[in-house]
Number of protein chains: 2
Amino acid sequence: MSPPRAGRIPEASVARLPVYQRILLELVRAGTATVSSEQLAELAHVNASKVRKDLSFLGSFGTRGSGYDTRFLLAHIDRELGLDTDWPVVIVGIGNLGRALARSQGFSSRGFRVSGLFDVSSELVGTEVGGLAVRHLDHLEEAAGLDPPSIGVISTPPSVAQDVADRLVGAGVGSVLNFAPRVLRVPGHVLLRHVDLSIELQVMSFYLSHGDHPGSVAASSPLPHPVGLGAVDLA
Amino acid sequence: MSPPRAGRIPEASVARLPVYQRILLELVRAGTATVSSEQLAELAHVNASKVRKDLSFLGSFGTRGSGYDTRFLLAHIDRELGLDTDWPVVIVGIGNLGRALARSQGFSSRGFRVSGLFDVSSELVGTEVGGLAVRHLDHLEEAAGLDPPSIGVISTPPSVAQDVADRLVGAGVGSVLNFAPRVLRVPGHVLLRHVDLSIELQVMSFYLSHGDHPGSVAASSPLPHPVGLGAVDLA
DNA sequence: GTTTGTGAAGTTATTCACAGCG
DNA sequence: CGCTGTGAATAACTTCACAAAC
């Protein structure tokens, strides 16, 4: 049911795969046929051995002497990340952030089919965002029955985030991605991840305060265990 | 000029400080006077030794036998993170994400003073978002002269993100936080970090595909070196 | 000649386990 | 006793360096 090599891939590597994926997508679009680990490393702001090691976990897809076939490698990464699988995503909370996510290429252009948008505001319910109608949260369970979502995204105000999480779990969602600045609890079998839009800002603040920053980089959300928490207050 | 212990704190720890900060803020608000490493660990989805080790880098702020004084610890973390310092932030790109960030408690409630909002759309310029007028990007340099921003946030479409980064750097910004799905280049002295709103989704997809997820957690943007890339397409 | 793939070495981070303080 | 703070042990991750493949 799943691609070649399984959960043997180190978590740190898994977190970088989306980075390579994005870069390869850009390269393929630009018509670049092959890329070396050196080039890829420069674009990803990591070092070349790391790239090679990461990619080697997926198998041997490079050609010694010339590098990696961009299209071929991209296809394998997509497969490994499960981006060739249909993962219906529902978004609850259609404020500014919810709308940004709903419309985002990052979501829709990557196998993530946004299958439902929910809110409780009567001003929003019935409107369209990114070609999809916003429905009242009370229709969540019904909608989930017809088209069971794999992932529930929470972009509500923090005060209602836990309630929404409970309802998502109740509706059968197996994974929850929380953007609300609130610590959430879900049953053990549910995969919960939490993205905090202001953590990077705070980390920046730390390095600004201490003068000594660790070699500027393109940063984002890696680690699965040691992680952040909510932070942005969305509408 | 800077707090007690300097850049000696491991990067992984620094990335967790904002997590503790948020939890402590909630605890203080809730009137909880003390907290043990065990409790803090549970709330942060990490283990207790890690909490103790992380906090020990800041000094000895706990009381054996009873735990940590929430208010006291919070104050120290704030100081360590530089949250008691004025860091003027300008946001370029006032689409859905830009608006979410501009209005976010996460930004404004934490010492980050949003000092300017910029866009190029004539429909947006002149409007108010979160009590601040949106100005045309052409006024960036002028505004930066009057109130020099410490941090520039990019929430534009990817196509113009590099240009915006160049202008921010030109205007004297020392740190850039990029939310656009594009790899950016900045001069070596500028601290650049990149947040990708869809990386978590892709990591989730990986673990969904491979069945075997690594103990659900609250996730966010830790590592400084190994990092992510752009992803969400905002308006 | 170039660039991958990978053991081995080195580094950083996590967890253990317990002495020491309140 | 309870809970912190920390050295020592373990585990994870990164980087080196080079043989093998093209």
Side-chain angles (χ1 to χ4, degrees), chain A residues 4-5 7-17 19-20 24 32-70 72-73 76-77 203 214-215 217 222-228, chain B residues 4-5 7-17 19-20 24 32-70 72-73 76-77 203 214-215 217 222-228:
Chain A
R5 305 233 77 296
R8 207 63 47 78
I9 304 178
E11 296 181 22
S13 281
V14 171
R16 281 187 297 267
L17 293 182
V19 179
Y20 304 139
L24 287 166
T32 310
T34 63
V35 66
S36 69
S37 59
E38 199 70 55
Q39 298 172 300
L40 207 43
E42 163 136 12
L43 292 169
H45 290 115
V46 298
N47 93 15
S49 339
K50 201 181 280 184
V51 170
R52 292 201 296 277
K53 186 72 90 178
D54 286 340
L55 297 183
S56 76
F57 291 122
L58 312 182
S60 290
F61 297 139
T63 310
R64 295 170 195 229
S66 57
Y68 301 88
D69 180 285
T70 50
F72 185 66
L73 182 56
H76 275 278
I77 290 182
V203 172
V217 282
L223 295 198
H225 280 298
V227 260
Chain B
R5 305 235 77 293
R8 206 63 47 76
I9 305 179
E11 296 182 21
S13 282
V14 172
R16 281 186 297 266
L17 293 182
V19 180
Y20 305 139
L24 287 167
T32 310
T34 63
V35 67
S36 69
S37 59
E38 198 71 56
Q39 297 172 301
L40 206 43
E42 162 136 13
L43 292 170
H45 292 115
V46 298
N47 91 16
S49 341
K50 201 181 281 183
V51 170
R52 291 201 295 278
K53 185 74 90 178
D54 286 340
L55 297 183
S56 78
F57 292 123
L58 312 183
S60 290
F61 297 138
T63 310
R64 296 174 195 226
S66 57
Y68 301 88
D69 180 285
T70 51
F72 185 66
L73 182 56
H76 274 278
I77 291 182
V203 171
V217 282
L223 295 199
H225 280 299
V227 261

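Proteins get letters first, then strands, A, B, ... in listed order; numbering begins at 1 in each.
A donor-acceptor contact under 3.5 angstrom links the side chains of A:Ser13 and A:Asp54, judged on distance only.
Rounded to an integer number of Å, the gap from B:Leu40 CG to D:dG5 C1' is 15 Å. Distance A:Glu11 CD to D:dC13 C1': 11 Å, rounded to the nearest Å. The separation between B:Tyr20 atom OH and D:dT4 atom P is 13 Å, rounded to whole Å. Atom P of nucleotide C:dA13 and atom CD1 of B:Ile9 are separated by 12 Å, given to the nearest angstrom. With rounding to whole Å, B:Phe72 atom CZ is found 15 Å from D:dT4 atom P. In this entry the distance linking NZ of B:Lys50 with C1' of D:dA11 reads 12 Å, nearest Å. In this structure, CD of B:Gln39 is placed 11 Å from C1' of D:dC3, rounded to the nearest angstrom.
Taking the six-membered ring for Trp and the full ring otherwise, the centers of A:Tyr68 and A:Phe61 sit at least 6.0 Å from each other.
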> Is there a side chain to side chain contact (heavy atoms under 4.5 Å, CB included) between B:Val14 and A:Val203 once you walk through the steps?
Replying inline: CA-CA 7 Å; B:Val14 172; A:Val203 172; 4.2 Å; yes

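Remark: the backbone N or O of A:Gln39 is paired with a side-chain donor or acceptor of A:Ser36 at under 3.5 angstrom.
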> Can you give one letter per nucleotide of nucleotides 2-10 of chain C, going 5' to 3': B for a protein heavy atom under 4.0 Å from the base, S for sugar-phosphate only, - for none?
Replying inline: BBBBBBB--

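For A:Pro10, counting side-chain heavy atoms from C-beta on, the closest listed nucleotide (D:dT15, D:dC13, D:dT14) is D:dC13.
Side-chain contact between B:Asp69 and B:Thr63 is absent, with no heavy-atom pair separated by less than 4.5 Å.
Tested against A:Tyr20, the residues A:Leu43, A:Leu58, A:Val46, A:Val35 include a single side chain to side chain contact (heavy atoms under 4.5 Å, CB included) partner, A:Val46.
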